[in-house]
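Scroll down for the structure; my scribbles are underneath it.
Both ligands and their constituent atoms are indexed starting at 1 by order of listing.
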Amino acid sequence: MTYNIALLKGDGIGPEIVDGAVKVLEKVGERFNHTFNFTPYLIGGCAIDATGEPLPEETVKGCLASDSVLLGAVGGPKWDTLPGNKRPEKALLGIRSALGLYTNLRPAKLYSSLSAECPLRPDITEKGIDLVMVRELTGGIYFGERGRRDGKYGPEAYDTECYSVVEVERIARVAFETARKRGKKVISIDKANVLESSRLWREVVHEVAKEYPDVEVSDMLVDNAAMQLVKNPSQFDVVVTSNMFGDILSDEASQITGSIGLLPSASLGDTKCGMYEPIHGSAPDIAGQNKANPIATILSAAMMLRYSFDLEEEAKAIEEAVDKVLTAGYRTGDILGTSKETPLTCTEMTEKILEQL
Ligand code: IPM
Ligand code: MG
């Protein structure tokens, strides 16, 4: 089969890690007899520099016409002082919305070979960490009305959290469907003791839950969830939450698996065309130095094979290759821990994974 993939390398370490994932996909193509065509498009800071816009029209068109999108990362200090709607991050929200990608799946799993990298005590992690965060991606405070105005105490700024029944229903369904294929347990995270939008969220989740009597459902307040993730992470199977809570909690979930450099994500909508990206950012401090960990992006490519192309065997081949490389003790700087060994570069880590494929 032939698959057309739009490449959005973006800024900072984006180009390095995407190059690693492209090599891995090419290798998978050779082994399993598929052709992957890659077409690069600009997004984020590099797009601002080249065109004046963080999300050029051509990029949106190219992504819409592709079978799937692989994204590195956007942003950097150079563009940090631009007004909100001209920032590189705006492009990320723009492309998620333009492609209708309302679901963001963020699996967080602690590899046994990396247990020493986990900052939690061994007695806390002995039952393992293996959860999927289902983050709503095109609604909530990220997309609500915002602005500046004159307020009671002078100038003020506001952002609005708003969720419709339809938005909650569809993300809740994704969570229940995901749980059906895993541990059959959904924890919905909100702030229903304070926010009206969370009270609606909770009502709707329980309405949808009636369609899934085989899946256990419960609610957790977001502050408690932040605590439970470090106190008893094994209790989580599938977590469903809003855009902003999911953003925050997924960084926390990544750190307890050793490094944010390991966590992939899939952004999905109602079509097969998804966008796949590491959950980490552009890491300007190490950009261009060949130091980044490519694993999160390589695992994102595996998710692309699984969710957009239904290539389960191929996806597993990548995941197993990563597992073997980590088990063999190969480490990039972010997962080196207290070891005095020289860390692998981004390209060396990619090579190790290619060898296993
Ligand atoms: C993420 C990132 C983005 C987000 C930023 C870069 C806009 O933190 O994908 O988690 O907040 O969604
Ligand atoms: Mg984030």
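- Ligand 1 has at least one atom lying under 4.0 Å from a heavy atom of R96.
- At least one heavy atom of R106 sits less than 4.0 Å from an atom of ligand 1.
- At the shortest separation from atom 8 (O) of ligand 1 among protein heavy atoms lies D247 OD1, 3.2 Å.
- The nearest protein atom to atom 5 (C) of ligand 1, hydrogens excluded, is given as L92 CD2, 4.2 Å; this is a heavy-atom distance.
- Using bins of under 30°, 30° to 60° and over 60° for the plane-to-plane angle, the ring pair Y3/F309 lands in the parallel bin.
- Here the options are E313, E319, E314, the test is salt bridge (charged side-chain N to carboxylate O under 4.0 Å, His left out), and the partner is R306; only E319 passes.
- Without hydrogens or angle criteria, E16 side chain to N290 main chain gives a donor-acceptor distance under 3.5 Å.
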* To do: For E30 and K27, run salt bridge (charged side-chain N to carboxylate O under 4.0 Å, His left out): C-alpha distance rounded to whole Å, both residues' side-chain angles, the deciding distance at 0.1 Å, then the answer.
  => CA-CA 5 Å; E30 274 168 39; K27 184 79 185 219; 5.1 Å; no
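- Among the atoms of D247, an N, O or S atom falls under 2.8 Å from the Mg ion (ligand 2).
- Heavy-atom separations between R135 and ligand 1 include at least one value shorter than 4.0 Å.
- In this structure, the side chain of T59 engages the main chain of L42 through a donor-acceptor pair within 3.5 Å.
- Taking 4.5 Å as the limit, every side-chain heavy atom of F36 sits out of range of all side-chain heavy atoms of E26.
- From the protein, the heavy atom lying nearest to atom 11 (O) of ligand 1 is Y142 OH, 2.5 Å.
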